[in-house]
Structure formats: C-alpha cells, structure tokens
Amino acid sequence: MGGELKTASGGMTGVRSGVGSELAERAAGLLAGGEVRMFLGYGAGRTPLRVRPRHVLRPEAAGGLVWNEFCAPSLAKYLLEEQEEEGRVGVLVKACDLRAVKRLVADRRVERERVLLVGVGCPGVVDAGKVEALLARAVPGEMVEEAGVRDGVLVVQTRSGVREFPREEYLLERCLHCEDPNPRDVDLFVGPEVAPWPARPHDYAEVAEVAALGAAERAAYWDRQFARCLRCFACRNVCPACSCRECCFDVWEPMWLPREVSVSEQYMFHFTRAFHVAGRCVDCGECERVCPVGIPLMKLNRALQKEIAELFGVERPWEPQEKEPLAMYTPDDPDFH
Amino acid sequence: MPVNEPHGAAQAAAPGGATAGARPGTAEWEPRIIGFCCNWCSYAGADLAGTSRLEYPPTVRVIRVPCSGRVNPQFIVRAFQKGADGVLVAGCHPGDCHYSTGNYFTRRRLQVARRFLEYLGIDPRRLRITWISASEGQKFADTVREMTEEVRALGPNRVMRDELWAAN
Amino acid sequence: MKYAYFPGCSLSGTAREYERSTRAVARVLGLELEEIPDWSCCGATSAHATDKLLSLALPARSLARADEMGLDVVAPCAACFNRLRTTVHAVRSDRKVRQEVEEVLGQPYAACSDAYALPDVIVNRHGLDNIVPHLKKSLGGLKVACYYGCLLVRPSAVTAFDDPEDPQTMDRLVRALGGEPVVWPAKTECCGASLSITRTRVVWQLAAQILTAAQKAGAEAIVVACPFCQSNLDMRQVQAQKWSGRRWNIPVYYFTQLLGVALGLPPGELGLESHFVDPLGVLRQKALV
Amino acid sequence: MKRIGVFLCHCGSNIAGTVDIDRLQEAVRRMPGVVYVEQNKYTCSEPGQEQIRKGIKEHRLDRVVVAACSPRMHENTFRRTVESAGLNPYLLEIANVREHCSWVHKDREEATAKAVDLVRRAVAKVVFNRPLQKARIPVEKRALVIGGGIAGIQAALDIADAGHEVWLVEKEPSIGGRMAQLDKTFPTLDCSLCILTPKMVDVAQHPNIRLLTYSQVENVGGYVGNFEVTIRKRARSVDESKCTGCGSCWAKCPHKVPSEFDLGLGQRKVIYVPFPQAVPNKPVIDREHCVYFKTGKCRVCERFCPAGAIDFTQEDELITERFGAIVAATGFDLFDHARYGEYGAGQDPDIISGLHFERLVNASGPTEGKIKRPSDGKVPRSVAFITCVGSRDDHKGISYCSRVCCMYTAKHAILLSEKVPGCRSYVFYMDMRTPGKGYEEFYKRSQEMGTQYVRGRVARIYREGDHLVVQGEDTLLGRKVLVEADMVVLATGITPRRDAGELARTLGISYDQYAFFNEAHPKLRPVETNTAGIYLAGACQGPKDIPDAVAQASGAAAKVTAMFSKDTLTADPLIATVNEAICSGCLWCKPICPYRAIDEKIITERVRGRTVSRRVATVNAGLCQGCGACTVACRDGAMNLLGFSNEQVLAEVEALCR
Amino acid sequence: MSKAVLHLSEGTEPGFLREVEQEAGTRVSLCYQCGKCAASCPVSFVMDLEPYQVMRLVQLGARDEVLRSRTIWLCASCTACSERCPREVDVAATMDALRALARRSGYRPAEAQVALFHGIFLDNVRDTGRLHELGLMVRYKLRSGDLFSDLDVGLPMMRHGKLKPTPHRIRGVEQLRVLFARVRAREAAAVRQSTGADRESEAAAGGRPEKGGEGR
C-alpha cells in the first residue's frame, strides 16, 4: 500500500496510491463506456481515519474514489435501492463485501446480472471506532490531522504528536478471521492480489465466554448490553441478510415490536433480529461495527451459527448455503428427548 | 454449552409472598405456562385427557394452532416477555404430521430457538417441545405435570421482565 | 474371565459333587472362580415365603462383598442365582427398595455387580469355541434330556438367561460334547423343590412325570444345573419308583460332570461316586470311563 | 369497536360442575369489546343455538365467542348457527372450558380462574377474526379403492353403480382378499367363494371399474378432490389383452413352489393364478422363482401359450392419475403364533392357525377339502381348537379382542364334525362372544353337534409320540384337564397388514399403536379419516367380520358418492394469504410448503409516478391446507394465515399472560 | 372351595384387595379368571383353591377364606403362572404376599409343616450364616414329629458324605443377627399399622381367627 504519510489523507487532490488510481481509471472507463450507469466506491471521510461511500455518476467525478486501509464499510446494502433504477451498477467489493452481495443475490433481492463486481485485495481495514476510542483516552479532545498505514503500522498525527498502533490493535475484529483477502469470481479485479495472513479460526471463542456463565449471569450480561440499545436500527440497515422490503419492526399491525423502550422489548428486538438472520448471516461484522453503543451483536450471530453448525452439521455457516439451514429438514434431525 | 442453573438456585430468592411473577390475589405463586398445541395431534391428545378425566395442574393455557410448524419463535419470546414462566409446544410425532412435514420444521427451528434463548439466559427447561399423538392423553397430562414441577422448582421467570429493569 | 464365586449352602452338602465338578471344569477351562469372602445364605424359598425385604437383604449381603471385589457373580445353584438376580434387579429398578435394603443391611449396596448362572457363564459368556479345543472324549451320541427346571429360566424378565419356554443353552453344550439332546416336553416343569422335605409325596409325583417324559423321549441320561432338581430326580428316583411302581433308572448328572467327563477328567474328581442312580454304567457303555 | 357476544355453556354439570359460571360471567362482562354475556345449560342444543341467534340479532353482535367443549366437537355446529343468524361463520371463536378445564381440574377456584383466562384468550382472538368465504375447488369425479378384498370390491361396485369411474388397485395377482381363502362363512355356512365370485366377476365386467391387480400405490399427492396418485403396475410377464386364461401355461410349467394362497400347505406353479376362481383369470410369472429369469433357459410357458401372451420383457409400469377420493380397504393379517413358546412356537406342523384350517377344509384347497394332518396326512381322530391366541394378551400378544375368532372357531368345529364324523373336537375358550345376528344360535348348533367346550386358557401344548397333549384348566370345574389331540388349531387374532403403517404415511392418514388406521370419530364418523377425501372400509380400520366390512364399504362408498354429487367442493378458507404490499419477493416461504401451494408472480404498480413491476409470492387456494409453516419463514410477516394470523396469536399470547 | 354363601356386602373386606396389591406389588384386580395359571401350576392337584380362585377371593375381599387356605402354603414359587399370565399379574408374588399377611394377622398356617420348615430354615441361617442341611433335617423332624420319612435316603446320603456334620459359622454372624432383628422390627410395625385396619374389619367379619400357630 505505502504512500507517504501526507498523501494518505486522501484529500480531494491528493496523489493517488497505486491501486487508488487504477480504480479511478477503471471506474471512469466503465462509466464512459456506459457499461454501468453508476459506480459505487469510497470517497474521503469526515476524518482521515474514515471514508464515505461515494456514488459516481460521471466519468470525470471518478477521481474522487479512494482505496486505503480505512475503507471498512460494506457497500453491498446500497445495491438494494439501486435495484429500483434501470441499468447496471458497478461496485467495489472486498472479500467480506462479496459474501454480502452473494447473500443479497441468494435472497433474490439483487439480481446478479445488474451488478458489476469490481474486486480488490484487502490488506485488512482499520477499526476507526476502536482507534478513536484509544486516542480519546490518550489525548482527549485532539482531532486527527493525518493518518496512514506504513509497513503494517497505523501512524496517526494529532496536535500533540504522532502515535503508532500495531496491526493487531488497529485491525477490525473480522479481519483477524479473514482466510482469503482476495474476492474470487468477481467481474473485474483491480490491483495486486494480497498475501493472506494467519487467520484466527472460527472457534466461536467469544460465544463460549458468555455461554460459560451461569444462567442468571448470562441474563444479567445481556440486560446490561441491551440496556444501552437506542433502537436506532443501524444494525438492521447495514445487514445484507436484513433485506426485507418492509421490516417487521416497522409494521404497525401486528405490533411485533412495540415502540416502548424497555428491557423486555429490547430482548424482543435483539432476539428477532438475530433469529431472522440465523442460517443466513455471512459474519461480515458490519452490525457490530456500526453499533453506536458497541453492543456485541456478533456474539449473538455467532452463537446461532454455532448452534446451526452443531445441530445440522453445517461446516461453514457464514457462507451462503445452497439450501437455507432453517428452510429445510432431514428426517433424522436431532430430536427433543 | 451454557451451564444451566441447578433447580431454582440461581433464580434469586424462592418465590414466597407476592413476587414479581405472582398472580394478583394468589398467596403462593403458581407457574403460568402457555401451551401451543397442534390441532390434529396434541390438541386432540389434550381433549382425550379431558374425556378420560385425567387430572393435571391448571398451570397450562392452550393456544390451538393448525400445526406445530405454525409456532413462530417470536410468539415464544412474546410469551416470556408478557409474563409466562414456561412455554410448551406440542406437535405430532415426526413422520405422523397431518401436513406431512410441518413438525420437521418445528423440530429444526425450535431446537435452535431453544438453545438461543438459553444463551440469552432463559433456562431451557422453561421451553419444552414434545410430540403427543391424538391417542396419548396420558402423555399430555404427564407432560403438564412434569413441566409444572420443573418450572415451579425454577421459580418465576426473571428474564425479559420490566420489573427487573425498574428494580436496578 | 474372572468371577466372584457364590457356591451356595447345598454345594458343601447334598450337592457336593456339583461343587467338585464345577471346580475341576473351571480349572481346565481357565475360568477363575474367586469365592466371595464370608458369603452367607441367599435365603432360597424360605426367605421370600416369609418376608419380601428379608429375601432381598440376605443376598444383598454377599452381593455387596462382590461389589467390593469388582467382579460379576456366578452361582452354580439355580435357586441362589434366582435370588441374587432378583435382588440386583429390584435394587436397580426401585430407589425405595434400595434404601430399605441398605437400612436393614447396615451398609451401602449399589448393585454394581451382575449375577449369572453357571451354565450361562460356561456356555454363553465363556463360549463353546473355548471349550471344544479342550475336549478329550465324545459322548458318542449319548441321548441326554436337558432339564432346566423353573428357577433358572423364570421369571424371564429377571433371570434373562434363556427362552423361558424352550431353553437351549445346555442342549447346545451337549451337542458340542458329541451327545444328542432329546426333544422332550418337561424341560422347564417344576420338580417341587421347596416341598421335597415337607410334602415329599408331591415331589414323587412331579419327579415321576418328569422321569416318564424323559424316558418316553428315549433319554439315556438327564442333565441338570440345580441341586434341588438333581436331588429330587436322582435321590428320590428310587423312592418315586417304589411309590409309583414305574422303572426309569435314568442317571441324573450335573452338566459340569458330563462336561468334566468329556474333558477327560477321572470320575473321582467329578464326584460321580455319590449318585443314587448308578451314573457310571451308561458312561462305561460309551467308553467314557 | 367490536360488539362481541359471549355464550357460556353449562354442558349440564360437565362444565358448571367445576367452573363457577356466574363468577365467569362477571369477569367476561368486563372484558374489552364484550357487549353481551349469557349462560345456557346446553348451548349446542336447539334452544341453546336459538338463544345465540336471538342474541346476535337483538344486540347487533359482530363477533361471537362460545365457551363450551372442544372446537373439534362443535366448531362447525356453532359456525352454522352464527351463519343462520346472518353473521359470517368465521367471526366465531370457541373457548375450550370443558376438555381443557372443567374435566381435568377439580379445584373450583383454580378451574374458574383458568376458564376466565381461556375465554379472555378467545375474546382477544375474535377481535382480529375477519369474514371469510369458503373457496371452491374442483372435484375429480374418479375414485381410487386400495385393496381388492370384499370391502374393496363392495366399495368399488357401489361407487361404480352410482355412475362414477373407480380404479381398484390390488397387490395380489387376483382380487378376493382373505375371504377367497375361506371355505364357509358363519353364521349361514354359505360357501365363501360362491357368494364372493359373482361380485368379483361384476367388478371385472363393470364398465366404470378399472381393475389393476398385481399393483401397488407408490405415492399420493394433492388433497381432497384433487389427489395425484402414482400406481406401480408390476410386470406380470403376461400380456393381459392376449391371454384367454386357458391355463395350458400353468399346466405345463415344470416348476413348483409353496403357494402363499395356501399358506405353504400346498404348491403352485411358477406361472400361476392364486386360485381357480381368480379374477382376472390371467396368470403371473413369479420372477423370483422362474428359471428363465435366473438362467435364461426353460420358456416352456411361452412355447405352450396358444395366444402368444407370454412376454418376458414386460417392465413395471408407473401410472399417475388424478382422483377425487380414496377408499383404503387393505384388510388384515393374522397374529403370528410363533410368539407363543408354550404353543410350540410355530415349529410343530400339526399346530396350525385358523386360516390354515380353512385351506385344509376348502374343496379347492391343497387337500381337496379332506381334513388331513399336515405332518403325516392322517385324518385326525381328535382336534383341539384354542381361541384368544394373541388376542386379549397384554404380555405376549395384543390387548384387544379380535371379534371373529369365537365364531370362526365354532364354524371350524361344525365343519370338522360334518367332514370327519366321530372326530372329537374340543374348544378351549375364555368367553364365547356371539354378538351378531344368528351368532348365538350358531354357537348352540356347534354344541349340539358334540363340540366339547372347555372354559379355560391353555397353559401349554407338547408333542408326545404321534399326538399332541393340550394342558389346560376347566375353570368352571376348578380342575386341570389334559386333551390328547392329533391336531391343534389356534384361533390367532387379527392384526393390520404388516405394511399398513407405510401405506398410512403415504396416504397422510394417522394410525393407532397397532397400525390400524384411525377413523375420524370412533362412534360418529367410522368410515372417514381426519384427512378429507380419504375413507376407510373393512378390517384395516379394526377387527371386524364380513357383514360389518361390507356395511362399512357401502358407508364409505356413500361418502364418496356424496362428495361426487357436487362439481366443486367448498374448501376450508383458513389458508395462507400474502400481503403483497409488504412482500419482498424473496420466496423464503416457497421451499417450506409441503403441498407446493406457493408460487411467484410479477405484479406491476405505480411507484412515485412510474410503473414498476416486481416479484411477489402467491398462494394457490386449492392446494394450501392451512398448516402455516410458511408464515414463520416469512420474516416480515407478509405471509399470514387466515384464522390463525400473527395478530390473533400474538393477541392470544398477551391475553393469556396477563 | 367353601360352599358357604359369600355375603359380598358384609362378609368381605374391600380393603383386602388393595392391601394384597400393595404387599405383592402387582395389580390382582386385572385377573380375568382365564385359568392359564392353574393350567400351568405343577402342584395345583394338591391345592384346595386353584390359583385363579385365590385371585378371585382376593378381588372379592374374602380375607379369612384366602388366609386360611392350603394353597398359599403349597405354592412352590416356580413362577410358571406369573410368566404366562396374559394380564401380567404376578401370581407367585401374590402367594408370597398372602403368606406374609397370614402370618402377620396371626392366622394358623393350613400347612403347618411347610411354615415350620421355613421358620427352622431361617433360624438356622440366622444363627450360623449358612444353612446346615443336617441341622435343618434333624430339628424339622423333632419339631414336626415326622421322624421316620426319608430314613431310606438319609443313610446313603451319610455314606456319600452328603450330610456335612458340622455347620459352617461365618464371621459376619452379628450382621445377620442385626439384619433379622431389623426385618422383625419392620414387620412388627407393619402389623401394628395393619391391625388398626384389622379392628374395623374385625367388627365387620365378627370373630377373630384363634391365636397360636408355629409361624415365626
């Protein structure tokens, strides 16, 4: 990746790193050639640590597209609204984003032919929330002026100086599990393939932590977590498996989820959200990343993945299955005593 | 997998006097169990328990559904949320379902739902899924009796209770 | 295979020859029998005829010692086997019964060890294929009526030894020894065991029926696995002949004695001298002795 | 706001005996939406129903709740009542305060509290009930009868005589079933085949009946009025159109095997008809034993067949057809007496079952009607009959009474004394059960002919020399008895066919712990099953004699013809329905439906000024049976189930938890 | 079988059936008089009541007639009846129970010698831990007065060494003594509890079976 510290700020006019420029050219070419009516990529964000989704309609505007270690958000869910317009849409996808798009296609909410997938090898992206929290504790009140990753180390410049964060500290939790950072069977691939790194196995360790507690402690644990929930529905909005046209939480009759914010309604919301994606969650971790109050939503999703793996022998429940585990049966499924 | 609390120990104090789960007016707390019974087998089994005058504790209230496959896990959460101390889902024996495959889906969904509720802190003994045929009136009565004793030992359900929310 | 050996009271008395032939055969077959230290009487019929708890507690005392030895129990005598098995079954299936037995016994008893009949151990668990290599002589088609009596096979839910109506364990053994087990209808008819002293006349009648049936089936010998059956058919055969006026003169062997003969053991070691009906005549005919 | 009327039933003392109806009424009056509450001693009676009609009119009720017995009993009754008062029949809910409350709880306080909850549940649900109309589904006016015994034959003839097309499928090469194996029938001693053969011929010649023998039902799909059935017509290796039934093939066939029809007592050729009066009188090649199929040689039958009808290359044929109704008449098997070690465990050739005796005494049987002992062919001088073998035995057999053994044993005794004068016949019985017309007189006739009836179950039977000894007890005397018999006939009990459970699963009907098919109601609906469109006839539903089997067959036929008398059937409206406004078209629901009732369709709608087309799910009202499994797969609740909707169930849960 | 009229409403004790069922642990009420037990019974020819007749009388509550019968003492416990009963009634266990009830209620056993034999057998076991056959034979002959039977067999048995002269005393005899005492104590408690029941039935039945009898 490389690129001097300065350019990493990704300012509108900054010199592009290698992949960034190749991406911009390809996007412009696609738009100019009319292959896609729009290209969905990343643009500079509010702070150097973050980027913002960028809908590019005109070839000349493609210059604003960036690619760096801060491109954490998944762009898959934006395809949902784009389905209503005619024409094909190009979208930049990392390996985890590709699983999200496959999920939407499997759920027949996005048609594969109307999407042009542009894959990019992902070096592992920064967990901006975590870094900002560390900074806030270390140098409260200071803004991030520049930030960049050089040789696997995140370097952040603030008013009082430069701080460095090693890779294990700055990476998003999901990247630690990433077995293959290069999206396969995409339409186009920009930049070089990235060498994979030793991935932490899917051993549901964090699920087991809570599971080991006694029943009362578990209930108390989740009470504390759910107590913080603002019901902002960010987790639902970002989730590729939550693609209903009108979510049951918004339906007035029947009132699945009363609007009152109380501990029992929190349980109803979180149980339902997790159970609705059970067997279809692609473990992309976006829900946990976007949750403003940091509720460990992946613990819920992975607990369900673990049950489904154990009960029905689904080795990789986070990969879209050919038949949805809870929409099929075998006569000799495990039974109740 | 999660450690379930031994009988009643972890469920705070024994349910003496009017506690959160007690019904108004009853001195001693009685477990409140919601039963989902499928019309063709377990509801008929419950009817048979009636015609055979088998006695069992009045702790279960039955909701008739066409098939156990109709029971949405959200109904179960709604029951626990609104004050149920136990939920019973009874269907036909696998292979005997009137709709041929309904209970196969019940078996899959509620296996996962039951373990997930356990993960969230509800003791799995509060949610019992069992198969009762139209000729098993005795089994229905025994199931209700066993479940009542188990839930009584566990005490009133504290999880998902607004009262608790107000308490701490 | 090693077993806790529960000989029972009659094997040191009226069934002396059953004890000696059992020991001899076990030695040859490499079957280790370790006598339960300080075992006591199983109570036989008198205990359960008097008090149910007594009939369970008495065997429990010896069974508790077998538990400590960590060995399953083998009982040559059908009555002891039946009582031991009933106790193990009762204690395992009912917690209340276990508490009562422990209270009366004055020590814990968890019914860990199982109890097996001697024919079951030798023919089924030890197995015929481990016996055939040791055989020295063949019974030469000796026609044998295998008599199981009642306590070995009934109640089948508890004894679980063989088919209660048509048991075949000893028949298979006799065939393996070169003998010819006859098909006859009184295999599991009772010989009136507990009445042999108090109502001897009844035993004569039952013995007569059994011996006549064996005779009609062409049996040259009867083989048994229970001291009561042996004494009622052998010892009282003479009396029954006087009482009924019939003649049978059929020798009654313990299956361990016949097995011993086929293993080439001398009659002296098998207690063949202490029979009432001459057991050696038939064996000499078959050049077995 | 809804105007709900609640009618509380006393059911005599069945409910009022344990539930305090007055306190219940007090509590119900305060429930939201309830404008009228009333008590009735017998709500299901005519005056009770009249009060409901009056209540609806006077109080302008738009919802009705009846707190009485189980909805499985009178839901339809009260729907008709409500409909006759001008209210849509589906605006009704039943609270089961009898089977689920008053009958099972003794404490009056607790029972009343529970009754209040159950009524509150019904009231909370009825608020969300919507007026529904019965859907109309077409009826395929063709009936399928499974099983060609007397019951199947009678049902087929009755339906065909009513002018409808009937397919009769029989597993054996010929129809006739168990009755064809019998010699005479009680109590009239008619020759069984003499009264059966005419009916078999009628079936073969009836223009409306298509007869498929040597065939089995493999798969049943669809639902009442529209069953889709796949039938496997096994290869006979004989071309039925050419074969004239002249019999030269089975005369010349060089190989013999034990005849199943004669239960192994006699032999049959490898190419055979099971019995001379077989219908169709067309042989079948038993490919398992046919030399040609093993070694490719022989083909004698082909050489001697004048019509060239032999066709070794014939394959099994799978025929699929649509049927409106199905009648199951698969008959019975006999209890296997090998389970009784004390009765010889099935090893002794002279200890035979009642059906064996029928074959011995039958003129077209293996011994041409002369009663001979299977072991050595000797004519028996004394025969012992034993009833209740297998029946009424919780330990080794079946707990129920098989109803016919006493009578056919009496018949056997009569036939024996007629055919073998001077032969002593003993019948060991426990209770002589003679319930039918002319049955007791038939028993008396058996006694008059010298049959020795000994009251007591036999302990054991053993062979002694060339005869059998039966050891029993005469409990009227209180003494043990012994009988020396040349032959013993065991009257073994009636059990369902060995594959009855499998067929029940194929048909989707329920069966009891013995695998007899479950009737809809033991007293009121004996020929129907819980699966609409599938009817029962004969011993497959439970042990019965020929008169009952025939009566039940005509009953089933009447039900079928009643269904066929209308062109369409009113289908239950309680089916799934899609709210197209919410439906995302993800079709997660589709793989769940066992009846393949869910499909996708494209709808076009105007959205923000533009016409847009999108995919939504749609439910075929004819196929959907209303199980609701799809509604749970639909995350956003677009798929709902009428009569048990999400709104209703949620309301019920909340009502019961308060 | 007594031919006296059985006054069902006064001459019988309804509680007797439940008492027997509890003691025997089997449902005597299920017996439907099929006779298979009697047909299987090897010793029914010496019994005064057939096994199913005993069951019938227990069902009817004819306590005296059953507990005075010879049948309950002559049953050889060969369990052919229980094995073959189509209603799964444990007839053999019922006979055991009736013997215990008879002894508890003080009925004189109709077969005194059988009861005596069991008593001596158990005393022998209690005193030495194992049964000493010779001791049993001698004591039984003296107490029953039947001195001369089996002498023709006794001598040859001696010769064959089948009659061990000395009893074998086990080490744990004390444990056995305590065991028998505890069983006796529990039985006495059962008697007190049942005699309470006896008093009501006694009033109904009129007259008390005479005391005495050898039963231990």
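Convention: sequence-line order gives letters A, B, ...; per-chain numbering from 1. Computed from heavy atoms alone, side chains included, the values below leave out hydrogens, waters and symmetry copies.
When each of E:R87, E:E83, E:Q53, E:E88 is checked for heavy-atom pairs under 4.5 Å with chain D, E:E88 comes out on top. Most heavy-atom pairs under 4.5 Å with chain D: of the set E:C81, E:G35, E:C34, this distinction falls to E:C34. Each of D:G397, D:G478, D:G472 has some count of heavy-atom pairs under 4.5 Å with chain E, and the biggest count is that of D:G478.
Residues passing the side-chain hydrogen bond (donor to acceptor under 3.5 Å, both in side chains) test with D:E342, sequence neighbours excluded: D:K396, E:K36.
Neither the backbone nor the side chain of D:Y429 comes within contact range of chain E; no heavy atom of the residue lies under 4.5 Å from a heavy atom of that chain. Looking at D:D431, neither its backbone nor its side chain comes within 4.5 Å of chain E, counting heavy atoms on both sides. With a threshold of 4.5 angstrom between heavy atoms, E:C85 approaches chain D through N, CA, C or O but not through any side-chain atom.
No donor-acceptor pair under 3.5 Å is formed between the side chain of D:H395 and the backbone N or O of E:R84. At least one donor-acceptor pair under 3.5 Å links the side chain of D:Q471 to the backbone N or O of E:A39.
Residue-level contacts of residues 41-51 of chain E with chain D, in order of numbering, are E:C41, E:P42, E:S44, E:E50; threshold 4.5 Å between heavy atoms.
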Just distance, no hydrogens or angles: give the donor-acceptor pairs under 3.5 Å from side chains in residues 156-163 of chain E, sequence neighbours left out.
from	atom 1	to	atom 2	distance (Å)
E:K162	NZ	C:T14	O	3.2
E:K162	NZ	C:E17	OE2	3.0
E:K162	NZ	C:S274	O	3.4

Residues 449-457 of chain D side chain polar contacts: donor-acceptor under 3.5 Å, at least two apart:
from	atom 1	to	atom 2	distance (Å)
D:T451	OG1	D:S446	O	2.8
D:T451	OG1	D:S446	OG	3.1
D:Y453	OH	D:S446	OG	2.9
D:R455	NE	D:M430	O	3.0
D:R455	NH1	D:T475	OG1	2.9
D:R455	NH1	E:Q33	O	2.2
D:R455	NH2	D:M430	O	3.4
D:R455	NH2	E:Q33	O	3.1
D:R457	NH1	D:C388	O	2.9
D:R457	NH2	D:S391	O	3.2
D:R457	NH2	D:R392	O	2.9
D:R457	NH2	E:Y32	OH	3.2

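Residue-environment remark: NZ (D:K444) stays at or below the threshold of 12 foreign heavy atoms within 6.0 Å.
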